[in-house]
Structures are given as C-alpha cells and as structure tokens.
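It should be emphasised that the depicted structure is a prediction, and the values quoted were computed from it without experimental measurement. Heavy atoms only: backbone and side chains are in, while hydrogens, waters and symmetry mates are out. Residues: numbered from 1 along the sequence shown.
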Amino acid sequence: MRSFSIKGVSSVIFSAFLAFGGQSQTVGDKTLQAGLVGGVGISMLKMGTNYLSANGIGSTFTMGTNFTKSFKESKNLAYTFGLEFDIENLKYKKNNVNVFYRYTDLVIKTQKETVATTDKFFLLSERTYNPIYISLPIYLNFRTEFIGDFRYFANFGLRNRFLVSNKINDSGFTLDNLNDPLAQWVNKDNVDMRSKGELFVFNSNIGFSGGAEWNFAGTTVLKAELGYFYGFVPLFLDRSDDRKSLFILDSNLNKVYFSNKSTQNQVVLKLSILF
C-alpha cells in the first residue's frame, strides 16, 4: 500500500514538473514571435529627369505588426513578415528651367483633358508628396543564440508596398492665362492637390538591416534594428503623352510635356516589442 502511495505521489510530481516545464518555455525555444513595430527614417530621392532635383531629405514613419517564424531545422535561421503602414514625405524642386502645370481648384489636369475657362496655370518651384503605403515586408532572418539576455540578428529581404493615398503640396506662382503677355504671376501655395495616377501604385525596395533583441521579461523581447533599403521600382509612372501633367516651354513657347522619374532609397530605424 505504501509502495502504491509513493508511486502515485511520484507520478503526480512528475506530471506537474512536465506541465511546469512546458509553461516555462524560454524565448530562445520559441518558434514564433509576434508583436508591434514602429519606426522612423529618412528618404532620399534619385531623380531621373534633368528638369527636377531632390529637395533635401524626406522622412518616413512606419507602424504595424510583424511575425518571426524560425525554421524547424535551425533556431538560428528564421523569416520575418508583417503588415505595416508607411507615412512618408518626399520633396523635389525644379532645376534651371521653368516647369508648369494646368489646374482647376485642387485637381491637376493632364494634357488630354479639355481646357476649361476655370483652368489656371502654375509655375512650380517646389513640390512635396505625402503618400501613405501599405507595406508587406518579408525578410530572411539570421540570428545568434541568446548571450545572456541579448540575441543579435541580421535581415535581408523585400518591402513590397501599395499606395493607399497621396496629397501634393506645391510652392510657386499662379497665372490665369499663360498666353496673356500682360498677366502677372502671383505667389501661391497649392495645398492638398490631386494628380491621379502620377505615383505608381506599387513600390518595392530591397535591403538589409541588423540589430539586437533584449529579453527583458519572461518571453517578451524588445527588438531594435537599423536598415538600408534600395528602391528598384520607380516611384512615378512613365505616363503616355496624353496623360502627362508637367510641361516646359520650348523656344517657340510650345508646351513640351514630360513624365517625372525617380527612385527612392531609405534608412529606417525600427523598434518592436514581441511576445
């Protein structure tokens, strides 16, 4: 009877130990981490037209959620994916040539659109875009074992982004009639302008990042990373002739329409909290 009691107690203790052991999983043993991410960065435009040039450095703010899933074969190799929102600020200015567009109210007109009596002309000095993208990043993640409370990693992969909305703010001069030699240019800021289809709806960049994870409580970690991303997909559509909106004047004062061309490189600092 006593032997049966000892065996029974031993079985209960052993079962409790197994249950406790399963619940006390360390962060280094987890195959899936998920959490929230936020970040800030700088954006650099590389213009592809002689009529326009980058106007300083733009900014980017990102927030969302991401997941890291380790491979079964190795805890040191994983992939990271997520859903993020990128809120950006992109700026450029005209070079040593006058750049114009035609507009009515908040709408920038294309070449093919019929000229209306309400149309005005704008001599562009500087332009700022404020696009919002949905970003679907996916990275290959190389990481060390935990050394104390820290683990170090490097990422390599893609950020595929889809345009949600965009606002344009322009600085320059407005004119009612471009063909009136007596008309006077008036200094003006055109705010919250719309130019349908100018920014390409899809944008992708490739890059790498590196950083560290700090296991500060239980299986919760704080992750910091700094990354560089090269934009190999153009920001702007190479529009057909009848859909272009920007133009210059040739020596005979004829309108010569052109498409904006640019790619984008970014440096981004991100902080994540993963569970």
Side-chain angles (χ1 to χ4, degrees), residues 41-60 88-113 115-116 118-131 163 166-200 203 205 228-267:
I42 58 175
S43 179
M44 298 156 285
L45 296 181
K46 184 179 180 182
M47 308 303 294
T49 171
N50 292 326
Y51 302 140
L52 304 166
S53 61
N55 186 20
I57 294 175
S59 61
T60 182
E88 300 198 344
N89 175 280
L90 309 172
K91 300 181 288 184
Y92 65 76
K93 58 186 178 181
K94 72 178 186 68
N95 280 335
N96 297 322
V97 62
N98 289 330
V99 175
F100 305 88
Y101 64 79
R102 180 167 55 94
Y103 73 101
T104 294
D105 194 20
L106 299 178
V107 179
I108 297 173
K109 300 292 191 68
T110 62
Q111 181 180 1
K112 75 172 183 177
E113 294 179 270
V115 177
T118 55
D119 286 351
K120 296 183 179 182
F121 291 89
F122 197 83
L123 173 59
L124 183 66
S125 296
E126 299 178 356
R127 171 168 286 186
T128 300
Y129 290 95
N130 298 113
L163 183 67
N166 179 47
K167 294 293 185 181
I168 300 172
N169 297 324
D170 291 333
S171 296
F173 302 85
T174 190
L175 184 71
D176 289 340
N177 188 349
L178 193 63
N179 298 318
D180 183 356
L182 300 179
Q184 297 294 316
W185 289 99
V186 178
N187 187 272
K188 189 176 187 295
D189 289 335
N190 278 356
V191 180
D192 290 340
M193 301 297 290
R194 299 188 298 270
S195 181
K196 185 178 180 180
E198 184 170 355
L199 279 178
F200 194 18
N203 178 250
N205 45 46
Y228 171 80
F229 300 93
Y230 169 75
F232 61 92
V233 174
L235 285 174
F236 301 96
L237 284 172
D238 189 6
R239 309 173 93 174
S240 59
D241 288 342
D242 60 351
R243 293 187 61 82
K244 296 173 181 177
S245 60
L246 299 176
F247 65 88
I248 62 171
L249 297 177
D250 64 14
S251 57
N252 296 319
L253 300 183
N254 295 315
K255 300 181 184 69
V256 179
Y257 282 81
F258 68 95
S259 289
N260 194 0
K261 296 178 181 179
S262 175
T263 55
Q264 176 189 27
N265 299 328
Q266 292 180 310
V267 176

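With rounding to the nearest 0.5 Å, the separation of CD1 in Ile168 from OG in Ser195 is 5.0 Å. Between the CZ atom of Arg127 and the CG atom of Asn169 there is a distance of 10.0 Å, given to the nearest 0.5 Å. In this structure, CH2 on Trp185 lies 4.5 Å from CG on Leu175, to the nearest 0.5 angstrom. Here the OG1-CD1 distance, from Thr49 to Ile248, works out to 8.5 Å after rounding to the nearest 0.5 Å. The CD atom of Gln264 sits 5.0 Å away from the CG atom of Leu90 when rounded to the nearest 0.5 Å.
Between the side chains of Asn190 and Tyr101, at least one donor-acceptor pair of N or O atoms lies under 3.5 Å.
Between Tyr257 and Phe247, the angle of the ring planes lies from 30° to 60°, which puts this pair in the tilted group. Between Phe236 and Tyr129, the ring-plane angle classifies as tilted under the 30° and 60° cut-offs.
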Using the rule given for side-chain contact (heavy atoms from CB on, under 4.5 Å), can you reason through Thr128 versus Asn89, listing the C-alpha separation, both sets of side-chain angles and the distance that settles it, and then say yes or no? CA-CA 7 Å; Thr128 300; Asn89 175 280; 3.4 Å; yes
What verdict does the side-chain contact (heavy atoms from CB on, under 4.5 Å) test give for Leu199 and Leu235, after you've listed the backbone C-alpha separation in whole Å, the side-chain angles of each residue and the deciding distance to 0.1 Å? CA-CA 6 Å; Leu199 279 178; Leu235 285 174; 4.3 Å; yes
Test log, rule side-chain contact (heavy atoms from CB on, under 4.5 Å), inputs Glu126 and Asp170: CA-CA 6 Å; Glu126 299 178 356; Asp170 291 333; over 6 Å; no
Could you go step by step and tell me if Lys167 and Asp192 meet the salt bridge (Lys or Arg N to Asp or Glu O under 4.0 Å) rule? CA-CA 5 Å; Lys167 294 293 185 181; Asp192 290 340; 5.6 Å; no
When you look at Leu123 and Asn98, which way does the side-chain contact (heavy atoms from CB on, under 4.5 Å) test go after all the steps? CA-CA 7 Å; Leu123 173 59; Asn98 289 330; 3.7 Å; yes
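Contact check for Leu163 versus Phe200: no side-chain heavy atoms found under the 4.5 Å cut-off. Proximity of Phe122 to Met193: side-chain heavy atoms (C-beta onward) are nowhere separated by under 4.5 Å. Between Arg243 and Gln111 there is no side-chain heavy-atom pair separated by less than 4.5 Å. Within the 4.5 Å cutoff, the side chain of Thr263 has no heavy atoms near those of the Phe232 side chain. In this structure, the side chains of Lys93 and Leu52 stay at 4.5 Å or more apart for every pair of heavy atoms. Residues Ile108 and Arg194 have side chains not in contact (no heavy-atom distance under 4.5 Å, counting atoms from C-beta outward).
Side-chain atoms of Asp250 come within 3.5 Å of backbone atoms of Asn252 as a donor-acceptor pair (strictly under, hydrogens ignored). Using a distance-only test at 3.5 Å, with no hydrogens or angles considered, a donor-acceptor pair links the side chain of Thr174 to the main chain of Phe121. The backbone N or O of Glu113 sits less than 3.5 Å from a side-chain atom of Arg102, completing a donor-acceptor pair.
When all heavy atoms of Leu178 and Leu249 are compared, the pair lying nearest together is CD2-CD2, 4.3 Å. Scanning all heavy atoms of the two residues, the minimum distance from Phe173 to Ser125 falls at CE1-OG, 4.0 Å. In plain terms, the two heavy atoms of Gly231 and Asn265 that are nearest each other are N-OD1, 3.3 Å. For the pair Lys91 and Leu45, the tightest heavy-atom approach, listed with the atom from each and the gap, is O-CD1, 3.4 Å. Here the shortest heavy-atom pairing between Thr104 and Lys109 reads OG1-NZ, 3.4 Å.
Screening Asn95, Asn260, Asn55 for a side-chain contact (heavy atoms from CB on, under 4.5 Å) involving Met47 leaves a single residue, Asn260.
For CG of Asn187, the number of neighbouring non-hydrogen atoms (other residues, nucleotides, ligands) closer than 6.0 Å is greater than 12. More than 12 heavy atoms of other shown residues, nucleotides or ligands fall within 6.0 angstrom of atom CG in Asn177.
In summary, the aromatic rings of Tyr51 and Phe258 are positioned with their centroids under 6.0 Å apart.
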